[in-house]
A.B. asks: 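Here it is: the structure, laid out below.
Whatever order the structure lists ligands and atoms in, that order sets their numbers, starting from 1. Below, all heavy atoms of this structure are taken into account, side chains as well, without hydrogens, waters or symmetry copies.
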Amino acid sequence: MSRTALRICPLCEATCGLTLTIEGTRVTGARGDRDDVFSRGFICPKGASFGAADADPDRLTGPLVRRNGRLQEASWDEAFDAVAEGLRPLIETYGPHAVGVVLGNPNVHTMAGALYPPVLLGALGTRSLFTASTVDQMPKHVSSGLLFGDANAIPVPDLDRTGHLLLIGANPLESNGSLCTAPDFPGKLKALRARGGTLTVIDPRTTRTARLADRHLAIRPGTDALLLAAMTHVLFDEKLADPGPHLTGHLEGLDELADAVRDFTPEAVSAHCDIDAGVIRQLARDLAAAPTAAVYGRIGSSTVTFGTLTSWLVDVLNILTGNLDRPGGALFPLAATDRAPRPATPGKGFTLGRWRSRVSGHPEAKGELPLAALAEEIDTPGDGAVRAVIAIAANPVLSAPDGDRLDRALDSLDFMVSVDPYLNETSRHAHVVLPPPPPSRSAHHDFAFNTLAVRNQVRYTRPAVPLDEGRMAETEILARLVLAATGMHGADPAAVDAMVIDRNLAKAVADPHSAVHGRDPADLAVRLTGESGPERRLDLMLRLGPYGDGFGAQPDGLTLARLLDHPHGIDLGPLKPRIPANLKTRSGRIELLPAPIADDLPRLRAALDTRQDGLVLVGRRHLRSNNSWMHNIPALTGGSNRCTLHVHPDDAARLGLTDGLPALVRSAGGQVAAPVEVTDAVRRGVVSLPHGWGHDRPGTRLTVAAQDPGVNVNQLLDGTLLDPLSGNAVLNGIPVDVHPSL
Ligand SMILES: Nc1nc2c(c(=O)[nH]1)N[C@H]1C(S)=C(S)[C@@H](COP(=O)(O)OP(=O)(O)OC[C@H]3O[C@@H](n4cnc5c(=O)[nH]c(N)nc54)[C@H](O)[C@@H]3O)O[C@H]1N2
Ligand SMILES: Nc1nc2c(c(=O)[nH]1)N[C@H]1C(S)=C(S)[C@@H](COP(=O)(O)OP(=O)(O)OC[C@H]3O[C@@H](n4cnc5c(=O)[nH]c(N)nc54)[C@H](O)[C@@H]3O)O[C@H]1N2
Ligand code: SF4
Ligand SMILES: [Mo]
């Protein structure tokens with residue numbers, strides 16, 4: 001007998017609703033949920049392989065503890081005993097900064113990852129926080145922090161209503177979108193064109209997204225900041241800059257901005273970007289002339305030398321063309337678990353560099369140090385060295401620069417715990433591995449992605465399949481980890497949720513803007529519903545959120561119970577303007593030319609005087625991949641999803657490279673050898689390797705991935721190439737030379 005259950009897909013940022021077919025306890029099929037209020041039945045090959053990913057026989061089924069040098073099966077109690085015994089003495093001797101917390105990408109795809117790491121960090125008090133953000137979107141957080149005073153205020157393109165989309169360094173036809181949660185991104189781009197809108201794609205590769213565009217400009221990698229600065233220049237120069245009545249009065253520094261971009265004429269940047277000056281002018285004019293438009297940049301605009309400047313310029317263009325915070329432009333979502341809006345008041349602003357990393361003196365950004373600096377923080381001896389690592393859903397040995405060095409560094413730790421379903425390149429170094437259950441066994445709500453979604457909506461799915469005997473929910477694993485790491489080992493994990501609830505209720509009743517101001521927190525706590533601590537925490541956030549019932553203040557408002565009555569979700573409407581209420585800068589306005597940006601502009605100006613003509617490397621993603629951890633699913637591997645070096649035919653001829661034969665790629669940071677794939681999908685002067693490969697290290701349990709391991713592109717990096725403002729690793733536009741490999 002088979003049955004069906006709903007489950008929001010956790011495999012990428014699109015958050016599609018899936019209908020799973022389940023036989024016994026096994027997921028045997030997955031299709032798009034046509035009634036899902038947001039995804040309306042969309043599904044991609046990864047979502048369709050949910051069952052295969054869920055039932056991967058290589059997933060760990062219980063905790064592992066290192067004994068006499070070898071990882072061995074253990075009970076949960078033994079595992080948490082080992083965590084407490086491993087961590088506490090180190091913290092007591094060396095202090096909290098000796099514990100590095102490493103948070104990987106799937107934390108934004110699980111409820112556990114949203115609810116517990118903040119508690120862990122707060123209780124530990126460590127400054128040694130390293131996350132996937134600094135190999136990804138930290139430049140966007142920094143530019144948003146500086147512009148709007150809130151690092152998490154990230155405008156998203158209003159895909160369903162815009163008339164003109166300028167897409168920079170993103171390939172949503174493979175990635176399904178990022179910092180822009182939109183199920184069926186491909187369909188939305190087609191719909192944009194069908195309604196007469198324009199799609200422009202800026203990408204050194206002729207991606208599937210580029211092929212869909214009206215205009216594709218194969219820019220020279222790493223030069224987008226120059227291009228966007230020149231477009232900004234044109235807007236001022238041709239008197240096209242017009243933020244619109246809705247933003248006027250909320251802006252600071254417009255004249256200073258005009259001055260700051262004066263040198264960046266289209267003629268000055270053209271040769272660097274390899275884009276005709278006339279085309280650059282036209283891009284700016286078209287953007288200004290479009291009735292509605294949105295500029296949107298992702299990985300290719302972020303993981304580059306000028307990542308923060310590029311991210312800043314993306315929103316500068318949205319602002320100057322009047323498109324920020326208006327329908328059809330780029331707007332700020334308002335998620336159901338966001339804080340309820342309140343009257344606009346100046347905020348605390350956003351500060352960078354409140355402390356610095358020990359070895360290289362990198363400034364912190366958003367409380368984080370660069371993931372690229374993790375290895376040196378471990379392997380450089382001295383006071384303040386990282387001696388223990390708590391890794392949650394992270395595989396930095398493959399995803400961060402110089403995996404070989406990090407490999408050795410992790411191996412030298414006094415203690416390491418990994419919360420990971422796999423024994424992989426990173427978790428193999430752990431003293432304790434705590435495996436979460438497969439996704440079918442977990443409840444799901446998108447705390448992070450709803451704040452980035454192109455439509456306000458809320459959905460929650462309970463576990464599709466009950467937990468198997470002997471398994472522990474990831475929420476409980478993380479709650480117990482919090483206790484074990486903070487000297488409360490053995491306490492009831494429910495106490496962690498109760499503590500958070502009490503704290504948040506105490507804050508809410510003391511807040512004059514809260515719907516529950518002045519009420520009795522104990523009375524509110526008993527009104528929370530939910531089968532578990534995490535559910536009660538979700539209930540609390542929903543009820544105090546912008547659409548919430550305010551514990552009775554808005555009787556029709558949102559509660560967990562009401563959400564459970566709507567298994568396909570609740571639509572909360574299209575994105576709405578939010579400025580100025582959401583601004584948290586000290587001035588209470590959008591700060592167009594913040595000091596750290598102004599201070600970084602000379603670096604960009606200097607780039608005008610340095611021509612780089614050599615070969616550079618960029619990355620790429622494949623629709624059936626997911627960073628480093630889905631190469632173990634047979635249904636998703638093979639075909640074109642391979643770790644090959646894309647080389648343009650002219651470059652192949654010039655460099656003596658042959659399709660199918662290996663090439664040696666060398667950079668200042670290292671070298672790798674990979675088979676050549678000659679293709680005009682990449683422009684001249686640029687080669688491309690995907691990331692997340694290199695599954696040939698011993699001591700892992702990735703049977704399928706190890707058969708076709710590929711190479712780790714991040715071995716080309718030594719961790720020194722960073723965007724200075726954000727500490728983000730430079731992963732695109734790396735100078736390389738390429739030779740046939742003998
Ligand atoms: N050269 C290059 N490098 C890159 C990139 C690039 O474009 N080019 N992209 C970067 C980007 S954008 C990112 S986000 C990072 C990603 O890098 P990481 O943050 O390291 O993420 P993944 O590679 O996805 O590895 C995720 C880990 O989480 C585990 N995992 C999977 N599901 C779960 C779960 O439900 N719970 C737990 N606890 N663990 C789980 C997996 O087994 C794996 O070990 O890589 C970055 N690295
Ligand atoms: N199938 C699949 N989906 C994924 C992932 C995955 O690994 N596989 N990873 C997920 C994650 S963690 C993230 S962060 C998102 C990322 O989502 P996207 O940002 O859409 O990621 P990519 O597909 O890497 O697209 C980046 C594009 O930037 C281009 N590029 C490189 N350098 C430059 C440059 O200097 N300038 C410009 N203009 N373009 C450049 C590359 O050629 C590439 O086409 O995808 C998510 N979705
Ligand atoms: S697009 Fe993303 S969320 Fe949707 S089914 Fe595919 S992997 Fe899952
Ligand atoms: Mo990412």
Side-chain angles (χ1 to χ4, degrees), residues 7-18 30-33 39 42-50 53 56 58-60 102-113 130-137 172 175-179 181-186 298-300 302-303 371 391-401 403 418-427 433-439 441-442 444 446 449 474 477-478 617-621 623-632 636 689-693 702 712-717 728-732 734:
R7 204 320 177 174
I8 302 164
C9 181
L11 300 177
C12 88
E13 299 183 33
T15 72
C16 302
L18 304 181
R31 56 180 204 277
D33 171 16
S39 65
F42 182 76
I43 189 169
C44 85
K46 269 192 298 186
S49 301
F50 183 99
D56 184 347
D58 278 342
R59 277 181 185 269
L60 299 173
V102 182
L103 303 176
N105 171 273
N107 282 301
V108 282
H109 295 277
T110 65
M111 288 182 73
F130 306 84
T131 86
S133 293
T134 51
V135 284
D136 186 345
Q137 82 290 357
S175 70
N176 275 308
S178 181
L179 298 188
T181 282
D184 197 12
F185 208 127
R298 261 319 266 131
I299 284 291
S302 180
T303 56
L371 188 59
I392 306 176
N395 193 7
V397 168
L398 295 189
S399 49
S418 267
V419 182
D420 207 287
Y422 286 103
L423 195 57
N424 65 14
E425 298 77 13
T426 297
S427 61
V433 184
L434 304 168
R441 273 70 170 167
S442 302
H444 196 81
D446 283 295
F449 297 123
E474 186 162 12
I477 293 174
L478 294 194
L617 177 109
V618 299
R620 66 175 191 269
R621 282 173 163 76
L623 182 59
R624 285 182 287 114
S625 77
N626 192 10
N627 297 323
S628 75
W629 70 276
M630 291 193 81
H631 296 136
N632 208 50
L636 295 173
L689 263 179
H691 71 285
W693 295 85
L702 297 166
N712 179 7
V713 63
N714 289 326
Q715 216 47 59
L716 291 168
L717 299 164
N728 206 92
V730 176
L731 305 170
N732 280 291
I734 317 285

A.B. asks: Output the set of protein residues with a heavy-atom contact under 4.0 Å to ligand 1, ordered first by chain identifier and then by residue number.
C.D. replies: G104, N105, P106, T110, A132, V135, D136, I299, A393, A394, N395, P396, S399, V419, D420, P421, Y422, N424, P436, E474, R621, N627, S628, W629, H691, V713, N714, L731

A.B. asks: Any side-chain donor paired with an acceptor under 3.5 Å for Y422 and D56?
C.D. replies: yes

A.B. asks: Determine, step by step, whether D136 and R298 satisfy the salt bridge (charged side-chain N to carboxylate O under 4.0 Å, His left out) criterion, reporting the C-alpha distance in whole Å, the side-chain angles of both residues, the deciding distance to 0.1 Å, and the verdict.
C.D. replies: CA-CA 9 Å; D136 186 345; R298 261 319 266 131; 2.5 Å; yes

A.B. asks: For atom 4 (Fe) of ligand 3, grab the closest protein heavy atom and report residue, atom and distance to one decimal in Å.
C.D. replies: C16 SG, 2.3 Å

A.B. asks: Verify whether one side chain among N732 and T303 offers a donor that lies under 3.5 Å from an acceptor in the other.
C.D. replies: yes

A.B. asks: Taking backbone and side chain together, does C9 place any N/O/S atom at a distance below 2.8 Å from atom 4 (Fe) of ligand 3?
C.D. replies: no

A.B. asks: Between C44 and atom 6 (Fe) of ligand 3, is there a contact where an N/O/S atom of the residue lies under 2.8 Å from the metal?
C.D. replies: yes

A.B. asks: Under 30°, 30 to 60°, or over 60°: which ring-plane class applies to W693 and H631, parallel, tilted or perpendicular?
C.D. replies: parallel

A.B. asks: How far is atom 1 (S) of ligand 3 from its nearest protein heavy atom, and which residue and atom name does that atom have?
C.D. replies: N176 ND2, 3.2 Å

A.B. asks: Under the 3.5 angstrom rule, does the side chain of R7 hit a backbone N or O of P439 as a donor-acceptor pair?
C.D. replies: yes

A.B. asks: I'd like to check S39 versus D184 (side-chain heavy atoms, cut-off strictly below 4.5 Å). Are they in contact?
C.D. replies: no

A.B. asks: Quick check for you: to the nearest 0.5 Å, what is the distance between F42 atom CZ and D33 atom CG?
C.D. replies: 14.0 Å

A.B. asks: Please report which non-hydrogen protein atom sits nearest to atom 2 (Fe) of ligand 3, along with the residue it belongs to and the distance in Å to one decimal place.
C.D. replies: C12 SG, 2.3 Å

A.B. asks: Under 3.5 Å, is there a donor-acceptor pair between the side chain of S628 and the main chain of L398?
C.D. replies: no

A.B. asks: To the nearest 0.5 Å, how far apart are CD1 in I392 and OG in S418?
C.D. replies: 9.5 Å

A.B. asks: Can you list the ligand 3 atoms lying under 4.0 Å from a non-hydrogen atom of K46?
C.D. replies: 7 (S)

